Student: 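Supplied in C-alpha cells, the structure appears directly below.
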Amino acid sequence: MLTTKKIVSQAISSALLVSVLAPVTASAFADAGSAKVDFRLRHESVSQDNALKDADALTLRTTLTYTTPSVGNFSGVVEFEDSRVVFGMDDYNNTLGMNTDYSVIADPETTELDQGFVQYSNAGFNAKVGRQVITLDNHRFVGHVGWRQDKQTFDAATLAYSGIDDLTMQYSYITQRNRIFAEQRDLDSKDHLINVGYKTSIGTLTGYGYLLDEDEGITKTYDTWGIRFAGKSSGEALSFLYTGEYATQSTEINGADFDADYFLIEGGVVFSGITAKVGYEVLGSDNGAYGFSTPLATLHKFNGWTDQFLGTPAQGLEDAYIALSGKVLSGNWLVAYHDFSADDGTDLIDDFGSEWDAQYTVAFAKHYSAGVKVGLYQEGDNATGKVDTDKVWFWLGAKF
C-alpha cells in the first residue's frame with residue numbers, strides 16, 4: 001500500500017518530467033528521444049538443508065524506458081518496471097509474507113516507477129533530480145542490485161563534475177531508498193554520498209564518504225570513510241590486475257555506538273584469454289557485537305551468490321576467494337570459490353563455511369541473451385545458524 005510520502009514523491013518525479021517536456025516545441029520533436037524495452041525471464045530454485053520447502057520461481061521482468069530529447073541542456077528519463085510470476089510458478093517466500101514455509105526468493109510481484117528524473121548537463125557538469133539509479137565504483141557500497149527482478153533505485157539529487165582531466169567528483173543526497181522488495185519495504189532516509197576519483201597512469205585512486213541515516217522505527221546511522229585504488233598493468237601477452245581498499249565505519253543503532261573497519265586486497269592476471277583473481281576481503285567486527293555494514297550495496301555481487309551474508313554477522317566476515325573466467329563457444333564463463341570465517345570469532349562461531357559458484361552467459365542474434373548460474377554453499381560451525389544451500393538460475397533476456 002502506498003504511503004502519502006511515496007505518493008508525493010512519485011508525483012514530484014512526474015511533475016519534474018512534465019516541466020522538462022512542456023517547453024519542447026514541435027520542431028524539437030524531430031528528435032523524439034529514445035525508447036527501450038528490456039525483458040528478462042528467469043527461473044530460480046533454492047534448496048536448503050532445513051525445514052523450509054524447496055523454492056521455485058519463474059518470473060518475468062519488463063522494463064520500459066523513455067529518454068526525452070535534450071532541450072537547452074535539459075533532458076529527462078522515465079522508466080517503469082514490472083515483475084510478474086509466470087505460469088503460476090510461485091512456490092517461494094517472496095519476502096512480503098507469501099509462502100513463508102518455503103525458502104526465500106526475493107522477487108515479489110510489483111509494478112512501479114523505477115526511474116523518473118530530470119537532468120542538466122553542460123561542460124562536464126551534470127545535475128540530476130528525481131528517482132534514479134546510483135552506482136559507485138564496484139557497487140560494494142552503493143549499487144542498483146540489478147540481479148534481482150526489482151532493482152534498487154533512489155529518490156535523490158545528484159551533482160557530478162568531470163570537467164577536469166582525470167578527475168571525477170560526485171555528491172548525492174537521498175531521501176528514499178527504493179529497495180528490491182517492492183514499495184512495501186522502501187525506506188525513508190537522509191543519506192549523503194561523496195565520491196571523488198583521480199585517474200593515474202597505473203590506476204584510479206578514489207576517496208569516499210557515505211553518511212547514511214534511516215529512521216524506520218529503529219534509528220540507524222552509518223558514517224563510512226574510505227580510500228580505494230584499482231588498476232591494470234597491460235601487456236601483449238600478460239596483464240596484471242590489482243585493487244586495494246580500506247574504510248572505517250562508525251555506527252549508531254538506537255543509541256548504541258559501534259566501530260568497524262573494511263579491508264580488501266585483490267590481485268589478478270590475464271593470459272591467453274583467461275582471467276585469474278585471488279582476493280581477501282574483511283568486513284570487520286566491533287568485539288563480536290557488530291559487523292561492518294553496506295546497506296546500499298549490490299550485495300549479491302559479493303561473498304557468494306547464495307546470499308548467505310546479505311547482513312554481516314556480528315562477528316564480522318573474512319572472505320578469501322579465487323576466481324577464474326574466460327570465453328568459450330561465443331559465451332563467457334566464470335568459476336569462483338570462497339572460504340568464509342569470522343573476523344572476531346569464538347570457540348563456537350569461527351568457521352562460516354565455503355561456497356562454489358559457476359556461471360555461463362551468452363549473447364546472440366543481436367537482441368538476445370541467456371545464462372545459467374549455480375551457487376553451492378556448505379555450512380561451517382553449527383552455531384552460525386547457516387545451513388547447506390544450493391541455488392540454480394536459468395534465464396533468457398531480450399532488449400529492443
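In this text the structure is predicted, and so the values were computed from the model without any measurement.
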Student: In terms of side-chain geometry, is the basic nitrogen of Lys151 or Asp114 positioned less than 4.0 Å from the acidic oxygen of its partner?
Tutor: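 Judged by the 4.0 Å cut-off on N to carboxylate O distance, Lys151 and Asp114 do form a salt bridge.
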
Student: To the closest 0.5 Å, what do you measure between CG (Asn93) and CG (Leu52)?
Tutor: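 Those atoms lie 8.0 Å apart.
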
Student: Let's go through Asp213 and Thr221 carefully: what are the C-alpha distance in whole Å and the side-chain angles of both, what is the deciding distance for side-chain hydrogen bond (donor to acceptor under 3.5 Å, both in side chains) to 0.1 Å, and is it a yes or a no?
Tutor: CA-CA 4 Å; Asp213 186 349; Thr221 62; over 6 Å; no

Student: With a 4.5 Å limit on heavy-atom distance, are the side chains of Leu193 and Gln170 in contact?
Tutor: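 A side-chain contact is absent here, since even the closest heavy-atom pair is not under 4.5 Å.
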
Student: Donor-acceptor pair, Thr59 side chain versus Ser83 backbone, under 3.5 Å?
Tutor: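 No; zero donor-acceptor contacts below 3.5 Å.
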
Student: Counting only heavy atoms not in Phe394, do more than 12 sit closer than 6.0 Å to its CZ atom?
Tutor: no

Student: Do side-chain atoms of Gln115 reach the backbone of Val133 as a donor and acceptor pair under 3.5 angstrom?
Tutor: yes

Student: So do the side chains of Leu296 and Ile174 get within less than 4.5 Å of each other, counting heavy atoms only?
Tutor: yes

Student: Within a strict 4.5 Å, meaning less than it, do heavy atoms of the Thr110 and Phe181 side chains meet?
Tutor: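 With C-beta onward as the side chain, the pair stays apart.
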
Student: Identify whether Leu348 and Val387 are in the same connected component of the hydrophobic contact network (ILVMFWY, side-chain heavy atoms under 4.5 Å).
Tutor: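 Result: no, two separate clusters.
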
Student: Are Thr248 and Asp261 linked by a side-chain donor-acceptor pair shorter than 3.5 Å?
Tutor: yes

Student: Evaluate the criterion side chain to side chain contact (heavy atoms under 4.5 Å, CB included) for residue pair Phe302 and Phe309; output intermediate values, then yes/no.
Tutor: CA-CA 9 Å; Phe302 305 90; Phe309 304 102; over 6 Å; no

Student: Counting heavy atoms not belonging to Phe364, are there more than 12 under 6.0 Å from its CZ?
Tutor: yes

Student: What are the two closest non-hydrogen atoms of Ala127 and Leu159, and how far apart are they?
Tutor: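 Here Ala127 and Leu159 meet closest at CB-CD2, 3.7 Å.
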
Student: Under 4.0 Å between a Lys/Arg side-chain N and an Asp/Glu carboxylate O for Asp82 and Arg84?
Tutor: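 Result for this pair is yes, salt bridge flagged.
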
Student: Verify, without hydrogens or angle tests, whether Lys386 (side chain) and Gln308 (backbone) share a donor-acceptor contact under 3.5 angstrom.
Tutor: yes

Student: How close do Leu329 and Tyr360 get, heavy atom to heavy atom, and via which atoms?
Tutor: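 In terms of heavy atoms, the two residues are closest at O-OH, 3.1 Å.
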
Student: Answer with yes or no after comparing the ring centroid distance for Tyr208 and Tyr210 against a 6.0 Å cut-off, counting only values under it.
Tutor: yes

Student: Do Ile227 and Tyr222 sit in one hydrophobic cluster, given that two such residues count as connected whenever their side-chain heavy atoms are within less than 4.5 Å of each other, even indirectly?
Tutor: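 No; Tyr222 is not reachable from Ile227 via cluster members.
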
Student: So, Thr298 side chain and Val145 main chain: donor-acceptor pair closer than 3.5 Å or not?
Tutor: yes

Student: Would you say that more than 12 heavy atoms from the other residues, nucleotides or ligands in this model lie under 6.0 Å from the NZ of Lys232, or not?
Tutor: no

Student: Under the 3.5 angstrom rule, does the side chain of Thr306 hit a backbone N or O of Gly375 as a donor-acceptor pair?
Tutor: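 No, the answer is negative, given that no donor and acceptor are paired below the 3.5 Å cut-off.
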
Student: State whether a side-chain donor-acceptor pair under 3.5 Å links Arg40 with Gln149.
Tutor: yes

Student: In this structure, which one of Asp223, Asp259, Asp257 forms a side chain to side chain donor-acceptor pair (under 3.5 Å) with Ser250?
Tutor: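 With Ser250 as partner, Asp223, Asp259, Asp257 yield a single side chain to side chain donor-acceptor pair (under 3.5 Å), made by Asp259.
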
Student: Between Gln152 (side chain) and Arg177 (backbone), is there a donor-acceptor pair under 3.5 Å?
Tutor: no

Student: Are the side chain of His367 and the backbone of Lys399 linked by a donor-acceptor contact shorter than 3.5 Å?
Tutor: yes

Student: Hey, what's the ring geometry for Tyr173 with His192, parallel, tilted or perpendicular (30° and 60° as the breaks)?
Tutor: tilted

Student: Test your reading of the model: is there a side-chain donor-acceptor pair from Lys277 to the backbone of Ala323, 3.5 Å cut-off?
Tutor: no

Student: Could you label the plane-to-plane angle of the Tyr337 and Trp356 rings as parallel, tilted or perpendicular, counting under 30° as parallel and over 60° as perpendicular?
Tutor: tilted

Student: Indicate yes or no: does Glu112 engage Arg131 in a salt bridge with an N to O separation below 4.0 Å.
Tutor: no

Student: Less than 4.5 Å apart, any side-chain heavy atom of Tyr92 and any of Asn94?
Tutor: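 Of all side-chain heavy-atom pairs linking Asn94 with Tyr92, at least one is under 4.5 Å.
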
Student: Can you tell me if Ile265 has over 12 outside heavy atoms packed within less than 6.0 Å of its CD1?
Tutor: no

Student: Can you get from Trp333 to Val362 by hopping between Ile, Leu, Val, Met, Phe, Trp and Tyr side chains that sit under 4.5 Å apart?
Tutor: yes

Student: Give me each pair satisfying salt bridge (charged side-chain N to carboxylate O under 4.0 Å, His left out) with a member in residues 132-150, each pair once, sequence neighbours excluded.
Tutor: Glu44-Arg148, Asp107-Arg148, Arg140-Glu281

Student: Mind checking the CG-OG spacing from Asp38 to Ser369? Nearest 0.5 Å is all I need.
Tutor: 8.0 Å

Student: Would you call Tyr280 and Val282 a side-chain contact if the rule is heavy atoms closer than 4.5 Å?
Tutor: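 With C-beta onward as the side chain, the pair touches.
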
Student: Which class fits the ring pair Phe39 and Phe400: parallel under 30°, tilted 30 to 60°, perpendicular over 60°?
Tutor: perpendicular

Student: Say you draw a straight line from CG of Asp186 to CD of Gln176; how long is it, rounded to the nearest 0.5 Å?
Tutor: 5.0 Å

Student: Got Gln249 and Tyr290 here, is their nearest side-chain heavy-atom distance under 4.5 Å?
Tutor: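 Touching, per the 4.5 Å side-chain cut-off.
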
Student: Quick one: side-chain hydrogen bond (donor to acceptor under 3.5 Å, both in side chains) pairs with a partner in residues 343-353, sequence neighbours left out?
Tutor: none

Student: Using atom types as modelled and distance alone, determine if a side-chain donor or acceptor of Tyr102 lies under 3.5 Å from a backbone N or O of Asp90.
Tutor: no

Student: Closest heavy-atom contact between Asp165 and Tyr198?
Tutor: O-CE1, 4.3 Å

Student: Indicate, with yes or no, if Phe117 and Phe154 share a hydrophobic cluster defined by side-chain heavy-atom contacts under 4.5 Å among Ile, Leu, Val, Met, Phe, Trp and Tyr.
Tutor: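 Not linked; separate clusters.
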
Student: Do Tyr120 and Phe74 have ring centres separated by under 6.0 Å?
Tutor: yes

Student: From Thr65 OG1 over to Glu79 CD, what is the distance, rounded to the nearest 0.5 angstrom?
Tutor: 3.5 Å

Student: Has Arg61 got its NZ or CZ under 6.0 Å from the middle of the six-membered ring of Trp395, at an angle within 45 degrees of the ring axis?
Tutor: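 Not satisfied by the 6.0 Å and 45° rule.
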
Student: Can Ser285 and Gln315 be counted as having a side-chain donor-acceptor contact under 3.5 angstrom?
Tutor: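 Gln315 and Ser285 do not have a side-chain donor-acceptor pair below 3.5 Å.
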
Student: Have Glu266 and Tyr321 got a donor and an acceptor in their side chains that come within less than 3.5 Å?
Tutor: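 On atom types as modelled, these side chains qualify, holding a pair under 3.5 Å.
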
Student: How close do Thr158 and Ser172 get, heavy atom to heavy atom, and via which atoms?
Tutor: OG1-OG, 2.8 Å

Student: A side-chain contact here means heavy atoms from C-beta on lying under 4.5 Å apart; do Phe141 and Glu245 qualify?
Tutor: yes

Student: What is the ring orientation for Trp147 with Trp393, classed by angle as parallel under 30°, tilted 30 to 60°, or perpendicular over 60°?
Tutor: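 Rings of Trp147 and Trp393: perpendicular, as their planes differ by over 60°.
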
Student: Going by the rule salt bridge (Lys or Arg N to Asp or Glu O under 4.0 Å), which residues pair with Lys220 if we only count those two or more places apart in sequence or in a different chain?
Tutor: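 Salt bridge (Lys or Arg N to Asp or Glu O under 4.0 Å) check on Lys220 returns nothing, list empty.
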
Student: Hey, what do you get for CZ (Phe340) to CD (Glu379), rounding to the nearest 0.5 Å?
Tutor: 14.0 Å

Student: What about Ile349 and Tyr377, same hydrophobic cluster or not, with Ile/Leu/Val/Met/Phe/Trp/Tyr joined at side-chain heavy-atom distances under 4.5 Å?
Tutor: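 In one cluster with Ile349: Tyr377, yes.
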
Student: For Ser75 versus Ser70, what's the shortest heavy-atom pair and its separation?
Tutor: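 Ser75 and Ser70 have their closest heavy atoms at CB-CA, 4.2 Å.
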
Student: Is it true that Asp155 and Asn178 share a donor-acceptor pair across their side chains at a distance under 3.5 Å?
Tutor: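 Indeed, the side chains of Asn178 and Asp155 share at least one donor-acceptor pair under 3.5 Å.
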
Student: Roughly how far apart are Asp307 CG and Leu310 CG, rounded to 0.5 Å?
Tutor: 4.5 Å

Student: Hey, is the main chain of Arg185 close enough, under 3.5 Å, to the side chain of Arg179 for a donor-acceptor pair?
Tutor: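 Between the backbone of Arg185 and the side chain of Arg179 there is a qualifying donor-acceptor contact (under 3.5 Å).
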
Student: For a 4.5 angstrom cut-off between non-hydrogen side-chain atoms, does His43 reach Asp56?
Tutor: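 They are in side-chain contact.
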
